[in-house]
Amino acid sequence: MSDPQLVLTERVQRALGAAFGEEYSSADPLIRPSQFADYQANVALSLGKRLRRAPREVADEIVSHLDVADVCANVEISGPGFLNLTLRDDWIAGEATRELREGLRAGGERRTVVIDYSAPNIAKEMHVGHLRTTIVGDALARIHERLGDRVIRQNHLGDWGTQFGMLIEYMLEIGEDVARAQLASGEINEFYQAARSRFDADKEFADRSRRRVVLLQGGDETTLALWREFVDDSLAYINRVYDKLGVTLTDADLAGESKYNPMLADTIEELEAKGVAVESEGAICVFPPGFTGRDDQPLPLIVRKSDGGYGYATTDLAAIRHRVRDLRADQMLYVVGADQSLHFQMVFAAAREAGWLTGQRAEHIQIGMVLGRDGKRFRTRSGESVKLMDLLDEAVERAGKVLADRDYDEETRNEIAQAVGIGAVKYADLSVNHASEYIFDFDRMLALTGNTAPYLMYAAVRVRSIFRRGGFTPEDARGPIVVGAPAERALAKQLLAFGSVLTQVAETSEPHRLCAYLFDVAQAFATFFEECPVLKAPDEATRDSRLALSALTLDVLVTGLGLLGITVPERM
Ligand code: ARG
């Protein structure tokens, strides 16, 4: 652990314990970056109230018990009782050197984390909202893994349910071969819409479709075979998107709604036996306490409809039971659209009532809507939902244009455009809070300045070019790091926070914090690059130190972006 803020937090806590008794050693010392020193601790003010003593006196007492000679060059009390803490240059340099040589180590006790993400619906075009859940979920999965957690990815595909009765009937009606040809040409949306209008227009067709669902749920062989075809077709498409996007999901992570079909009856039985689910108007429902609808009526989570069918909620109840019992999850993250918030609250509440959720954490990581530049739901000009493949292709194409003036051969240019285009889409998604809406804007995400993927990639590529020009490699740059110039000091200090930022991101499920941090690093590097010549440093020791600092910067940028699922090209 070398994040100065954490180190100082621990030291001040020790001082609090020594000065005022053990019960104070877990108080938050309220350490924040400061413009007057490196950090300021504000704990004396809040503690003054609690102890009924003058904050300044409390501050004096803390300082007299504070053991930071190895870390701080200066500790000062200012104003009503702020503690101003200034780090020692040699401490920063020493920690940075150690970080460079030993790398980031994961600490603490790690857990099994189930991450439910992506989860597109079969037989419908995957939309841009699924792109977002995919990107955010994938970043969280990578970060937890990096910290040593056992991550179990669960792609809760919408591959089951009533729409398949309709799709299969429509397929039989127009002829299997015609249907196959249509589906093979990627017209899945059109196919779905045509089936839907038949369903809405013709009662007899609708009845047949319903009977088909019963056949499907009952395991009828021919029906299942046709269903499998839909699923496989869709999966092939979804996998192409995943591939293009460079996400870590594989077929092994597929855990669609259909997987839970054999567990549903048992799940419901258990809910009934425990008195959690009850009959209501012919249906079987859970009424989790605290949820009311209109007229203060208790809100039901329907586990079995009056026609005997199972729905989305039933599947999620079976899934959460499976995740806790069989997958042994300590924590479950559901990276899903914010509009499903009530659904998850009720599922978690029901699972708690059923005794499935005890100490484990279950969290809905709410994903905000993706908007177009007009501030409305993101659609094509003609008002249709945007095909993801087209969107990604366009990102790559536009990235290619941004790089048009570079003198690269075709293949290199394509490779770079690929990394920049996809990276830009991902970063734009990740750099805003996952719960906020965000505006999908190619121009903004591909800009070479500002908090964008191209800017960060460019910073990393610049570091690489220093090494290339000097005939060095980052691996050989081992320091020691010495901090003299303010820009060296600021950069080194910034780099030391990497590990604790990752821990924080995992704890809060907020990848945008990592983006903000990497942006700060890139900016600190830009200043360093301007003010501190590396290859033309005044002497060899300074040059080696600056090379080492550059190598550490590169490592943090490439690792950090990698954890966001973004690949940095060799050149740009
Ligand atoms: N398929 C659903 C949708 O597109 C998302 C599923 C999310 N995961 C879950 N366990 N319910 O809305």
Side-chain angles (χ1 to χ4, degrees), residues 113-138 140-141 151-164 167 188-189 192 227 230-231 234-235 237-239 241-242 247 249 253-261 263-264 267 286 288 301-303 310-327 329 331-352 354 356-357 360-370 377-378 385-388 429 434-435 509:
V113 184
V114 170
I115 309 186
D116 180 317
Y117 70 101
S118 192
N121 298 317
I122 297 289
K124 277 194 206 160
E125 182 74 38
M126 204 176 160
H127 61 71
V128 72
H130 291 122
L131 192 62
R132 206 170 177 204
T133 62
T134 305
I135 292 169
V136 173
D138 208 51
L140 292 176
V151 171
I152 304 179
R153 295 163 175 78
Q154 295 282 277
N155 190 352
H156 198 91
L157 283 185
D159 65 354
W160 201 241
T162 47
Q163 76 268 30
F164 286 98
L167 291 167
I188 194 106
N189 266 349
Y192 185 89
W227 166 78
F230 276 106
V231 174
S234 276
L235 272 181
Y237 174 78
I238 290 166
N239 276 328
V241 173
Y242 289 162
V247 293
L249 282 169
D253 308 313
L254 289 173
E257 293 176 29
S258 63
K259 165 180 157 167
Y260 301 99
N261 195 42
M263 308 178 202
L264 298 181
T267 303
V286 179
L301 197 61
I302 302 174
V303 293
Y310 306 119
Y312 189 56
T314 327
T315 307
D316 261 324
L317 286 167
I320 200 166
R321 187 176 81 140
H322 169 66
R323 288 168 187 181
V324 173
R325 280 196 189 165
D326 308 328
L327 303 181
Q331 186 178 12
M332 286 163 284
L333 304 176
Y334 291 76
V335 188
V336 187
D339 54 348
Q340 295 191 30
S341 157
L342 182 62
H343 165 77
F344 285 112
Q345 285 178 44
M346 292 178 78
V347 167
F348 299 159
R352 245 174 257 122
W356 300 331
L357 259 191
Q360 307 81 354
R361 282 167 67 179
E363 290 156 75
H364 175 198
I365 310 305
Q366 304 193 19
I367 301 298
M369 208 163 42
V370 182
R377 189 185 269 275
F378 190 56
S385 64
V386 181
K387 298 203 165 149
L388 287 194
D429 220 331
H434 60 71
S509 299

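For ligands, and for the atoms within them, numbers begin at 1 and follow the listed sequence.
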Self-check item: Side-chain heavy atoms of M369 within contact of D339, under 4.5 Å
Solution: no
Quiz item: Quick one: salt bridge (Lys or Arg N to Asp or Glu O under 4.0 Å) partners of R352, sequence neighbours excluded?
Solution: none
Quiz item: Which bit of L157 gets closer than 4.0 Å to ligand 1, counting heavy atoms only: side chain, backbone, both or neither?
Solution: neither
Quiz item: Got the closest protein heavy atom to atom 12 (O) of ligand 1, with its distance?
Solution: Q340 NE2, 2.8 Å
Quiz item: Is there at least one pair of N or O atoms, one from H130 and one from ligand 1, spaced under 3.5 Å apart?
Solution: yes
Practice problem: Give a yes-or-no answer on whether the side chains of Y192 and N121 include a donor-acceptor pair shorter than 3.5 Å. | Solution: no
Quiz item: Quick one: CG on L235 to CG on L254, what's the gap to the nearest 0.5 Å?
Solution: 5.5 Å
Practice problem: Note the single closest protein heavy atom to atom 6 (C) of ligand 1, along with its residue, its atom name and the distance in Å. | Solution: Y312 OH, 3.2 Å
Practice problem: Could you tell me which atoms of ligand 1, counted from 1 in the order shown, lie closer than 4.0 angstrom to a heavy atom of V336? | Solution: 7 (C), 8 (N)
Quiz prompt | Donor-acceptor contact present, side-chain H364 to main-chain G337, <3.5 Å | solution = yes
Quiz item: Between W227 and F164, how do the two ring planes meet: parallel, tilted or perpendicular, split at 30° and 60°?
Solution: perpendicular
Quiz item: If we only count N/O pairs under 3.5 Å, is Y334 in contact with ligand 1?
Solution: no
Quiz item: Does an N or O anywhere in D116 fall below 3.5 Å from an N or O of ligand 1?
Solution: yes
Practice problem: May I ask you to identify the nearest protein heavy atom to atom 1 (N) of ligand 1, giving residue, atom name and distance to one decimal place in Å? | Solution: N121 OD1, 2.8 Å
Quiz item: Are a donor atom and an acceptor atom from the side chains of S118 and Y242 found within less than 3.5 Å of each other?
Solution: yes
Quiz item: Looking at F344, which atoms of ligand 1 are within less than 4.0 Å of one of its heavy atoms?
Solution: 9 (C), 11 (N)
Quiz prompt | Closest candidate by heavy atom, reference atom 9 (C) of ligand 1, pool H156, R323, Q154 | solution = H156
